[in-house]
Protein chains: 2
Amino acid sequence: MVTLKDVARASGVSIKTVSRVVNGTAEVSAETRQRVKGVISDLGYQPNTMARSLVNGRSNTVGVIIPHSVGYIFSHPFFNEVLRGIAEVLANNNLNLLLHLAHQNTPYAQLYNQRRVDGLIFMSVLTGDPNLDGVLESKSPCVFTCRIVEENNPTNWVDADFVGGLEQAVEHLISLGHRRMALLAGPRNLISVLLRVKGYRQAVTRNGLTVDEDNIHYVDFSSEAGHDLALQLMQKPNPPTAILCGDDMMAIGVIQGLQEAGRRVPQDVSVIGFDDISLARFSTPPLTTIRQDTFRKGQIAAETLIRLMTKGIENSPFQQILSTQLIIRSTTALAPR
Amino acid sequence: MVTLKDVARASGVSIKTVSRVVNGTAEVSAETRQRVKGVISDLGYQPNTMARSLVNGRSNTVGVIIPHSVGYIFSHPFFNEVLRGIAEVLANNNLNLLLHLAHQNTPYAQLYNQRRVDGLIFMSVLTGDPNLDGVLESKSPCVFTCRIVEENNPTNWVDADFVGGLEQAVEHLISLGHRRMALLAGPRNLISVLLRVKGYRQAVTRNGLTVDEDNIHYVDFSSEAGHDLALQLMQKPNPPTAILCGDDMMAIGVIQGLQEAGRRVPQDVSVIGFDDISLARFSTPPLTTIRQDTFRKGQIAAETLIRLMTKGIENSPFQQILSTQLIIRSTTALAPR
DNA sequence: CTGAAAGCGCTAACAT
DNA sequence: ATGTTAGCGCTTTCAG
């Protein structure tokens, strides 16, 4: 391996001078700079980032954490979009991205405590995840792409307005005359799922209807789960005329299940998704859904983290809710009858 | 920051002894080990991985590279699956995953030359990507999840059998009586796309038909592109009765486009996808597709890289083709007459 | 404008 | 079984 020392020797200057031209730290006479630069490219010198990190105390790397139990839905388009937003911002700031798909019981804080990363971004936190212990104590700069449960919690986060999103969806369905609705919220250990339920409840109640607790279902974010539950629901004596889904993948599964059960979408049953993944527009029929800007969410998370890392932790936590938008396509229609 | 020295001082032993208990390198008397361990947990000592890497010359990190122009399809389910396979294997081997979504013109070899990673995995290589320059010279252990163009190239790769997959698909369509077929292959700069075309050509020719070059289309792997092209195709005087798609996302867009054009799937037009993403089963109608085991592909890539990193580069390159499987669902039927 | 020396936190000989 | 010493490659005082 070619080191600074090699370059220094070959160009007849001191190590420090080479270091200076490499980093542009201080002024070096044009003449020596040229010579050193020549030697650097002749020898193919590349700085050793590990040595740099050791002395600087910074790894120039950000850890992006996806909790284990979420692994199975890692194939979810949602994640890529957020990740893409994060990756873009980090790249523009010359930061590396360490992707940590939590697999075993390793406390997340360890990545920071061992100086492997300078900060952390958490995608989807599961309530009660023991690996989260120690994150706050570590003083690691960190940002969550979903809000944290506890009230008055000083964590930094960006999140979509799940409450408002569900409210819009419910209003839409009610305005179409639907009264019997089912909500397939998502897995119970996700905060965002609880928020969806909250929004649903609020809107239903506000419209003078009563919430049918039996029609709130906690199932995985997967087409399969949606498909299976749709079949089940249609066997009930009084099946719902509208199904609200926690995400688009589920909704697509629901539509398929409904068709297998001999129901037409949207004539017999209306369906609404959440996310507006790229596919939503091209599903059959095109999906009515609540759009959240996942890419932007990732960008904001990364931008916030960078601010935390450079200017130190701000006194007040950064907490931002991104508004959602109801996109009406072809899976919702007037309630039958 | 708590260092080895601090622990040594606090427990009254030498630095080296502490290092030994931390790493379990050599025998230490049970009594001192206990004491040192106690101090370690009292002080909350965590080893500095950067210092370790500097002296070991290893970062214990693997770089996973997704070329820039592919970025826009990073939301493609295909990538997650491969990535998940890679992540799992790396995690089991205590290796970190540095995700490099190439954004600007940074030579990929740099990650290795700067000692940031110990090896590289390339997901999807674009023909003629200038950032690839220097990768071979760097002697970095690396594995590609797609084969490389040049013949007799000593690169290591795992890849799906695109040629065979397309052949199966064509045979299936021909057996159903289809004669006018269109192929939406994918972007021209992907090797896998050229292989799809090759398989298509071979099977068509083998069956005594002639390849209609005008019906081979090079379009993006996206629902949108599929949708738009389907609409276009249906306006032709003699539209195809079957459409082969380079991937499932495209196929789903095609189905939607066909329906907008008033064609029924599969009665009027048959459609075949590629990948068998989780959604394929739940699209409407359920998609006939060519399955490739993307998760396994990722696993194999990572396993191979680890072998390369630990046992050194083997003399013969590792090159493996994973077989594909035709999954017949409901988007293919007898050709209309 | 340039150089010498010290040290980041750790591991690896080589003692003892 | 344990300690001493010397670096890994780089940056940072502090001198010249």
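Scope of the values below: all heavy atoms of this structure, side chains included, with no hydrogens, waters or symmetry mates. What you see is a predicted model; the values in this text were computed from it and never measured. Just so it is clear: chains get the letters A, B, ... in the order the sequence lines come, proteins before strands, and each one is counted from 1.
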> Hey, is the main chain of Arg58(B) close enough, under 3.5 Å, to the side chain of Ser53(B) for a donor-acceptor pair?
yes
> Only one of Val117(A), Leu305(A), Ile306(A) passes side-chain contact (heavy atoms from CB on, under 4.5 Å) with Val62(A); say which it is.
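So, applying the side-chain contact (heavy atoms from CB on, under 4.5 Å) to Val62(A) and each of Val117(A), Leu305(A), Ile306(A), only Leu305(A) qualifies.
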> Do any N or O atoms from the side chain of Asp118(A) and from the backbone of Ser59(A) form a donor-acceptor pair under 3.5 angstrom?
yes
> Residues in salt bridge (charged side-chain N to carboxylate O under 4.0 Å, His left out) with Asp6(A), at least two apart?
Arg9(A)
> Angle class for the Phe122(A)/Phe144(A) ring planes (parallel below 30°, perpendicular above 60°, tilted otherwise)?
parallel
> Determine to 10° how strongly the helix from dC1(C)-dG16(D) to dT16(C)-dA1(D) is bent, judged from the axes of its five-pair ends.
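The angle separating the two end axes equals 30°.
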> Residues from residues 39-58 of chain A sitting under 4.0 Å of DNA chain C, heavy atoms only?
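Of all residues in residues 39-58 of chain A, the ones placing a heavy atom under 4.0 Å from DNA chain C are Leu54(A), Val55(A).
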> Under 3.5 Å, is there a donor-acceptor pair between the side chain of Asn156(A) and the main chain of Phe318(A)?
yes
> Going by heavy atoms in the side chains, are Ile40(A) and Val21(A) under 4.5 Å from each other?
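Of all side-chain heavy-atom pairs linking Val21(A) with Ile40(A), at least one is under 4.5 Å.
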> Among residues 7-22 of chain A, which contact DNA chain C at a heavy-atom distance under 4.0 Å?
Val13(A), Ser14(A), Lys16(A), Thr17(A), Arg20(A)
> What range of DNA chain C does chain B touch, first nucleotide to last, counting atoms under 4.0 Å from its heavy atoms?
dG9(C) to dA12(C)
> Of all nucleotides in DNA chain D with an atom under 4.0 Å from a non-hydrogen atom of chain A, which is the first and which the last going 5' to 3'?
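Result: dG9(D) to dT12(D).
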> Grab the two heavy atoms, one from Val125(B) and one from Cys146(B), that are nearest each other, plus how far apart they are.
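Smallest heavy-atom distance, with atoms named: N-SG, 3.3 Å.
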> Side-chain contact test, heavy atoms from C-beta onward, threshold under 4.5 Å: evaluate it for Leu322(B) versus Gln292(B) and give yes or no.
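No; the side chains remain at least 4.5 Å from each other.
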> So, do Phe78(A) and Phe221(A) have ring centers that fall under 6.0 Å from each other?
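Ring centres of Phe221(A) and Phe78(A) not closer than 6.0 Å.
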